[in-house]
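Inspection log for the structure reproduced underneath, given as structure tokens.
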Amino acid sequence: YLCMVFNTASSGQSSSINIPNNSTFFQFDTLAVRIICFAIVLAVGGFLLKFTRVGKYTKALGGSIACAVQGGVNRKKYIILAFLFSGFSTGLAALVYLLRVRQASSTAGSGVEMSVIIAIVIGGMALQGGAKTRILAPVVGVIVYSILDYGMVMIAVPSALIQGIKGLVFIILIGVL
């Protein structure tokens with residue numbers, strides 16, 4: 001199924017493929033699996049960021065590449081490791097999303113980028129990186145953002161107004177930080 005999606009995505013077409021519900025792949029679509037995946041990524045990321053040389057050097061590179069390189073950090077190696085962890089996390093999130101919606105699409109997840117940035121800023125994560133980077137900042141941001149988002153839907157705020165409120169919150173947060 002995924003090969004078919006990648007083939008149509010590379011050809012520039014937008015398509016989606018429904019995956020049969022009787023597939024044994026979907027037996028893993030439970031809240032427990034999602035929580036376990038989240039906990040594993042959070043624990044591994046937190047451990048790497050706080051207790052290892054990889055985390056220390058990655059924070060140094062986020063603060064100032066020139067200073068980190070002068071301090072002896074192999075810039076290419078640690079940037080590649082950061083992108084590897086990011087890619088692994090993205091792949092795992094895509095797999096969990098596929099389990100939830102039961103449909104593979106070349107445009108799945110598009111438009112979520114701004115929501116992610118707003119959640120990160122709400123949590124207090126430094127967008128430039130650096131020594132103040134904490135693994136729990138995006139978690140707090142996602143919780144607060146989800147409460148804001150779902151709360152507005154529950155009180156029947158129009159969709160266009162929800163987008164405007166999210167943008168206003170983002171502008172205010174950027175102005176404060």
Side-chain angles (χ1 to χ4, degrees), residues 2 5-6 8-19 29 31 33-35 37-46 48-49 55 58-59 61-65 78-177:
L2 291 178
V5 171
F6 293 136
T8 56
S10 64
S11 67
Q13 300 173 359
S14 177
S15 67
S16 63
I17 298 170
N18 292 323
I19 301 172
D29 182 27
L31 183 62
V33 170
R34 292 181 210 160
I35 291 173
C37 289
F38 174 73
I40 288 171
V41 170
L42 188 66
V44 170
L48 287 174
L49 198 60
T58 303
K59 285 181 179 184
L61 286 167
S64 172
I65 292 177
Y78 289 100
I79 288 176
I80 287 173
L81 286 174
F83 276 110
L84 272 169
F85 186 74
S86 177
F88 171 76
S89 301
T90 302
L92 187 61
L95 182 65
V96 169
Y97 183 76
L98 175 67
L99 286 171
R100 200 175 109 224
V101 298
R102 298 173 192 254
Q103 185 178 26
S105 172
S106 58
T107 59
S110 62
V112 178
E113 302 88 0
M114 194 62 181
S115 298
V116 171
I117 292 172
I118 292 172
I120 288 172
V121 170
I122 288 174
M125 177 74 91
L127 294 178
Q128 300 86 7
K132 294 184 179 183
T133 303
R134 302 284 179 259
I135 196 74
L136 289 178
V139 175
V140 170
V142 166
I143 291 169
V144 171
Y145 181 79
S146 296
I147 291 170
L148 174 71
D149 192 29
Y150 292 124
M152 287 190 291
V153 170
M154 285 182 180
I155 61 172
V157 176
S159 178
L161 190 56
I162 290 175
Q163 293 299 322
I165 291 171
K166 288 179 188 177
L168 185 64
V169 167
F170 182 67
I171 290 170
I172 291 170
L173 286 172
I174 292 296
V176 170
L177 298 176

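It should be emphasised that the depicted structure is a prediction, and the values quoted were computed from it without experimental measurement. Position 1 is the first residue of the sequence, and the numbers go up from there.
Residue pairs that meet the salt bridge (Lys or Arg N to Asp or Glu O under 4.0 Å) test with at least one member in residues 134-147, sequence neighbours left out, do not exist here. Residue pairs that meet the salt bridge (Lys or Arg N to Asp or Glu O under 4.0 Å) test with at least one member in residues 154-166, sequence neighbours left out, are Asp149-Lys166. Within the structure, salt bridge (Lys or Arg N to Asp or Glu O under 4.0 Å) pairs that include any residue of residues 115-125 do not occur (at least two apart or interchain). Note on residues 111-122: no pairs pass salt bridge (Lys or Arg N to Asp or Glu O under 4.0 Å), not counting sequence neighbours.
The distance from atom CG of Leu42 to atom CG of Leu136, rounded to the nearest 0.5 Å, is 6.0 Å. With values rounded to the nearest 0.5 angstrom, Tyr145 atom OH is found 5.0 Å from Ile118 atom CD1. Within the model, atoms CZ of Phe38 and CG of Leu31 stand 12.0 Å from one another, a figure rounded to the nearest 0.5 Å. To the nearest 0.5 Å, the span separating OG1 on Thr90 from CG on Leu95 amounts to 12.5 Å.
Here the side chain of Ser86 pairs no donor or acceptor atom with the backbone of Ala82 at under 3.5 angstrom.
Residues meeting the ring pair (Phe, Tyr, Trp, His ring centres under 6.0 Å) test with Tyr78, sequence neighbours left out: Tyr57. Remark: Ser89 pairs with no residue by the side chain to side chain donor-acceptor pair (under 3.5 Å) rule, at least two apart or across chains. For Leu48, the side-chain contact (heavy atoms from CB on, under 4.5 Å) partners at least two apart in sequence or on another chain are Val44, Thr52, Phe85. Applying the side-chain contact (heavy atoms from CB on, under 4.5 Å) test to Val169 and every residue at least two apart in sequence or in another chain returns Ile122, Leu148, Ile165, Leu173. Scanning for side-chain contact (heavy atoms from CB on, under 4.5 Å) contacts around Val153 gives Ile162, with sequence neighbours left out. Residues that satisfy the side-chain contact (heavy atoms from CB on, under 4.5 Å) test with Ile147, not counting sequence neighbours, are Ile143.
Considering all non-hydrogen atoms of both residues, Gly124 and Ala137 come closest at C-CB, 4.2 Å. Contact record, Pro138 with Ile135: CD-O, 3.3 Å, taken as the closest heavy-atom pair.
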